[in-house]
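To start, the structure under review is shown below, and the notes come after it.
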Amino acid sequence: MRTFLQLLRIAFWMLPVQRTLTVTAALLQLAGLFAPGAVLPRLGMPLLLVVPLLAGGVLLRTLSASRALMLRPHARGRLLAGAICMLLLVAAFSVTSQWLEMRSVPPQYQPGPEFYLLMISVALSFGTLCTVTMFVASRSPLWTLLILLIWQAPGLAMHLLGVEDAPRLLGSPVSLAMDAAIWIGFSIWYLRARLVHASSWRRRESAGAEGDATSLAAPVTREQAMTRWLLGGATPLTIGLQCLAAAVVVLVIQWIFARDAGIRSLHAMMYGTLSLVGVVAGAVSRTMASRARGLWLTAGRTRRALHAWTERRLLRVMLAIFAAVELATTLVWWLLPRPGLSLPYLLCAVLAPGIGAAWLGLMQQHRRSWFDAVAAFGIFLGWSYGLVGPLYGGATSNPWELLGPQVALAALLREVGYLRWRSADWRRVQRAQAE
Amino acid sequence: MMNDTVLRTSDLTKAVGSKQILKGATLAAGKGEVVGLLGKNGAGKSTLLDILLGFALPTSGECRVFGERSADLSAASKARIGFVAQHDELMSLMTGAQHLALAASFHDHWDHELIARLAREWEVPLNRRVGVLSGGERQKIATLLALGHRPELLVMDEPASGLDPMARRQFMVTLLEIAADTSRTILFSSHIVSDIERVASHVWIMREGSIAWQGELDHLKESMVRLILRAEEDFARPPRLAGQLHCELAGNSATLVLRDWQPGRLREIEQATGSIAEALPLTLEDIFLAVHA
């Protein structure tokens, strides 16, 4: 019980943002008590449950990976029991929220116990899926991809079997039995496993060093060694190929599930996704900015020279990623019915957000400020109004004028990045990264 | 005395692929002993500790802690062990206080007073997120987490490596305080020889996966000496004596490090080498260097 209480504290009250969400959700629920029929409880529930549902599995993995915790008596069992209790709590919250909302419905339309059982069952199924799959997915990017594919399996099976009422199926006894089977299987493995590996979504600093160590036999120049460090052992080519593979997998999944959704929706979704693959350049450049700190002494360069050198490496990575995106865009254009926008415009529009994101990532040398948030929002607007919106709306003329501001934003971010690097305080950079 | 044995290994080996990390370690530690595990980087210290605590399985041999196989420790035995990892495994988003509260929830008995006192003495910022703390501060929190349930066996893998000299001294003083409780066994690895010399009652010295020496620290120091031989003429070749680990020649003078030393040997060596011999005590650092020479 004490462990469960601590887990509750971690899930709902650990960080200021969690506390804010919890208090807001509680206030909305209270408002629902005094204003029957309002949709406030329905709004509050996602706020309350978003963190435990999305982060619960990751949290369970992180706590379980500690070797010191393995020596605590019955630690795994207590954590597992805590996770299951949390799931039951989520189901209880969900049903309470529904009940608050339904109180104002006329008695003849009041849902019966069957409805609430259905709600409990759906909540348990969704919670089980979230917790267990996030636990597995957080092992590594490869496991995340596998889980992404497995996650689609029930939907695909239902589609093939012609099952249309998915919520009812999720709420059926079959679903509850499946939940129980998943938890039993997971528990047996979890309690017997000698070691639970820590999450490795983020490339560790040492990973690059290990990668270097394996290839120590081949002599490398100083420039090559620095580049390896900066890219964590990867090369622009491997990054580009990974992006291409990820884009193809996601596009195939989207085509399987959304081919009946209408061609305009499919266009918006697929080209929008391809553009997001380009935004990966932002994540890579952010990592490069943080790793460049380690080169400050060894590179023997000034801050400005180090920025210029890092930027040149980034341009190579961008070239590889963007080539993958352009190739996939051309393939989609060639294989699917064509949208109203021209291919040259699409080839430019899918890249524009990625260019901005790349320089937004490279300027992450300081604690993030409001400017970063505004810039990120600007990139999102460019993506939305310059690509996804026109495709979804079936536009037939190319809105070239929307690409100009995106390029201008990217240029501005480059200049801001240059200024930040020029006055980079490496100690503060280190602290900001630790946070 | 057998009942006082807290941990015991026999012929423990560990291989990963073709690499032999442990090569037949046979060890024992009794109640109240403070054992310093000494070895160079890569000597197999962390692997040995991992096997002792059941985190890893040995390739062959046996390892028992509190009489139980370390691979299958019961909850009752686990509750008697505290562990500080070489690299702390704390969650960056949690505060030290939250970590302590979570750890306390796993135990029936948790010494809140001890933790509060140590946190005060070590100046640990418990209310700040672990992610913003320095390596030393994180290490202190990891140590507090291992001490709260007053373990009978405290295992620490290079606990002071991340601490600054002031904090290290303070940490060692506290370790001495903890070690004063004769019912508690402490096993800690380090490559900082002075730390082990200051605190440990027993030493295990590891070299390339093997146990080069184990036993009481005082006995180790008594059994090894630096022997200086001075002859009237230059030495034509290095002297060869029983238990000799190391020899340096400089004209008519030879400096040797000998193991299994007994004071009565001095006269015997003088007669055998035709020189004047002088036996000097060694520090643990000298011994460590001689063992690895």
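Naming: A, B, ... by sequence-line order, numbering from 1 per chain. Any value given below was found using the heavy atoms of this structure, including those in side chains, with hydrogens, waters and symmetry copies removed. No experiment lies behind these values; they were computed from the predicted model shown.
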Item to check | Largest heavy-atom contact set with chain B, pairs under 4.5 Å, which of A/L7, A/L5, A/L59, A/L15 | outcome: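 Most heavy-atom pairs under 4.5 Å with chain B: A/L15.
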* **Pair B/E89-A/L69, side-chain contact (heavy atoms from CB on, under 4.5 Å): steps then yes or no** => CA-CA 9 Å; B/E89 296 160 329; A/L69 190 117; over 6 Å; no
Got a second to check how far [X]'s [atom1] is from [Y]'s [atom2], nearest 0.5 Å?
| X | Y | atom1 | atom2 | result |
| --- | --- | --- | --- | --- |
| A/R2 | B/D108 | CZ | CG | 6.5 Å |
| B/H107 | A/R72 | NE2 | CZ | 4.0 Å |
| B/L153 | A/L71 | CG | CG | 9.0 Å |
| B/F106 | A/T3 | CZ | OG1 | 4.5 Å |
| A/H74 | B/K78 | NE2 | NZ | 8.5 Å |

Counting neighbours of [atom1] on [X] that are heavy atoms of other residues, nucleotides or ligands and sit closer than 6.0 Å, is the number greater than 12?
| X | atom1 | answer |
| --- | --- | --- |
| B/D72 | CG | yes |
| A/W143 | CH2 | no |
| B/E121 | CD | yes |

side-chain contact (heavy atoms from CB on, under 4.5 Å), that's the test. Do A/L63 and B/L102 meet it? Break it down for me. CA-CA 10 Å; A/L63 288 173; B/L102 180 65; 3.6 Å; yes
What closest approach, in Å, do [X] and [Y] show between heavy atoms, and which atom pair accounts for it?
| X | Y | result |
| --- | --- | --- |
| B/A75 | A/P73 | O-CB, 3.7 Å |
| B/S105 | A/R78 | O-NH1, 3.0 Å |
| B/A71 | A/R194 | O-NH2, 3.1 Å |

Taking only heavy atoms into account, what residues of residues 79-92 of chain A are found under 4.5 Å from chain B?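 Within residues 79-92 of chain A, the residues under 4.5 Å from chain B are A/L79.
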Counting heavy-atom pairs under 4.5 angstrom with chain A, the leader among B/A142, B/A101, B/A79 is B/A101
Chain A shares the most heavy-atom pairs under 4.5 Å, among B/L57, B/D50, B/V130, B/L90, with B/L57
Open item on the list: Please classify the contact of A/R67 with chain B as side chain, backbone, both or neither, using a heavy-atom distance under 4.5 Å.
Closed with: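 It is both, since atoms from each part get that close.
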Between B/Q98 and A/I10 (side chain of the first, backbone of the second, donor and acceptor by atom type, cut-off under 3.5 Å), is there such a pair?
no
So, the part of B/L145 with a heavy atom under 4.5 Å from chain A: the answer is both
- Proximity of residues 58-68 of chain B to chain A, residues having a non-hydrogen atom under 4.5 angstrom: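 No residue falls under the 4.5 Å cut-off.
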